[in-house]
Amino acid sequence: LLFRGLLNPGDDHRGLRDIVEVRITLDNALTEPVTQAWKNRQDPELDQIVEQMDLRAQKGELFTDQDRRFHMRLLEPLDNHLFLHLTEAFWAVHTLTVPLLGAPRPEDMVATARAHRDMFRAARAGDAQAYRQAVTQHYAPLLTALT
């Protein structure tokens, strides 16, 4: 998976697009378990991660570590730990390849941070439809950069 996701010269970012499509599919497939696990659940750690993402995005700073931790923490309450391992593998690809796309635009960082906040709010509310919408918003800037 890691080697397949690496960008090769001349591949027009196809490998990373493939990984992003799989991540979107996985995030959408996990909507019900995530929204059930997080409904009405309090988590100061995740609240802090989301706040850090917002603050860094507003300053035009990357928040890669917080982004990764957000996704890991969101999946921790689920019974199937393979989801965590798959997400971790996707993050390894993401970390290696996204810098090759150039720095994200400041507005993309703000939109991505907002999407994470919306994902968490929807999960905490147990709102599967809002969660799916936030997942779509989360990946929109990255998909745009890959086209």
Side-chain angles (χ1 to χ4, degrees), residues 1-38 43 45-46 49-147:
L1 180 65
L2 288 173
F3 290 115
R4 176 65 187 103
L6 293 174
L7 297 179
N8 296 312
D11 77 352
D12 195 27
H13 309 304
R14 183 70 237 167
L16 185 54
R17 277 199 309 273
D18 290 349
I19 292 294
V20 171
E21 288 172 9
V22 172
R23 284 185 67 195
I24 292 167
T25 301
L26 182 61
D27 280 349
N28 280 317
L30 294 175
T31 295
E32 294 301 328
V34 167
T35 55
Q36 289 172 9
W38 283 96
D43 189 316
E45 178 186 353
L46 204 44
I49 290 167
V50 169
E51 187 63 31
Q52 289 172 352
M53 292 169 79
D54 281 339
L55 290 173
R56 291 183 72 94
Q58 293 298 330
K59 294 178 185 178
E61 298 173 358
L62 295 175
F63 48 86
T64 306
D65 292 338
Q66 292 82 8
D67 195 343
R68 181 192 159 280
R69 185 67 191 131
F70 172 88
H71 289 280
M72 296 296 105
R73 182 71 190 118
L74 200 62
L75 299 179
E76 284 175 5
L78 305 186
D79 288 334
N80 187 331
H81 291 271
L82 182 57
F83 298 137
L84 281 170
H85 297 300
L86 287 171
T87 300
E88 192 74 64
F90 295 145
W91 263 100
V93 172
H94 180 94
T95 301
L96 290 171
T97 58
V98 167
L100 300 175
L101 299 174
R105 299 178 312 167
E107 60 268 25
D108 290 342
M109 291 190 300
V110 170
T112 300
R114 184 180 323 112
H116 284 87
R117 181 177 296 282
D118 292 346
M119 286 173 69
F120 187 43
R121 283 182 179 158
R124 196 177 258 170
D127 187 338
Q129 181 178 355
Y131 185 84
R132 284 187 189 95
Q133 289 172 341
V135 166
T136 299
Q137 293 168 358
H138 170 268
Y139 290 104
L142 183 54
L143 289 172
T144 299
L146 290 169
T147 55

_Checking the side chain of R124 only, and the main-chain atoms of W38 only, is there a donor and an acceptor separated by less than 3.5 Å?_
no
*asked:* Any side-chain to backbone donor/acceptor pair from R132 onto T31? Under 3.5 Å, distance only.
replied: no
*Determine, stepwise, if the pair R69 / E45 fulfils side-chain contact (heavy atoms from CB on, under 4.5 Å).*
CA-CA 10 Å; R69 185 67 191 131; E45 178 186 353; 2.9 Å; yes
I need the [X] [atom1] to [Y] [atom2] distance, nearest 0.5 Å.
{"X": "R117", "Y": "L46", "atom1": "CZ", "atom2": "CG", "value": "10.5 Å"}
{"X": "F120", "Y": "D43", "atom1": "CZ", "atom2": "CG", "value": "5.5 Å"}
{"X": "L82", "Y": "T87", "atom1": "CG", "atom2": "OG1", "value": "9.0 Å"}
{"X": "L75", "Y": "L86", "atom1": "CG", "atom2": "CG", "value": "10.0 Å"}
{"X": "H85", "Y": "N80", "atom1": "NE2", "atom2": "CG", "value": "9.0 Å"}
{"X": "T136", "Y": "N28", "atom1": "OG1", "atom2": "CG", "value": "6.0 Å"}

Of the non-hydrogen atoms in [X] and [Y], which two are nearest, and what is the gap between them?
{"X": "A113", "Y": "M53", "answer": "CB-O, 3.8 Å"}
{"X": "M109", "Y": "A57", "answer": "O-CB, 3.5 Å"}
{"X": "A122", "Y": "Y131", "answer": "CB-N, 3.3 Å"}
{"X": "M72", "Y": "L84", "answer": "O-CD2, 3.3 Å"}
{"X": "L74", "Y": "V34", "answer": "CG-CG1, 4.0 Å"}

*Could you walk me through whether R56 and K59 pass side-chain contact (heavy atoms from CB on, under 4.5 Å), step by step?*
CA-CA 5 Å; R56 291 183 72 94; K59 294 178 185 178; 5.8 Å; no
*V20 and R17: side-chain contact (heavy atoms from CB on, under 4.5 Å), yes or no, with the steps?*
CA-CA 5 Å; V20 171; R17 277 199 309 273; 5.7 Å; no
State, with a plain yes or no, whether a side-chain heavy atom of [X] is found less than 4.5 Å away from one of [Y].
{"X": "D67", "Y": "H138", "result": "yes"}
{"X": "H116", "Y": "Q66", "result": "no"}
{"X": "F63", "Y": "Q52", "result": "no"}
{"X": "F90", "Y": "H71", "result": "no"}

*Derivation and outcome, side-chain contact (heavy atoms from CB on, under 4.5 Å), residues E88 and R68*: CA-CA 8 Å; E88 192 74 64; R68 181 192 159 280; 2.8 Å; yes
*Salt bridge flag under 4.0 Å for residues E107 and R114*: no
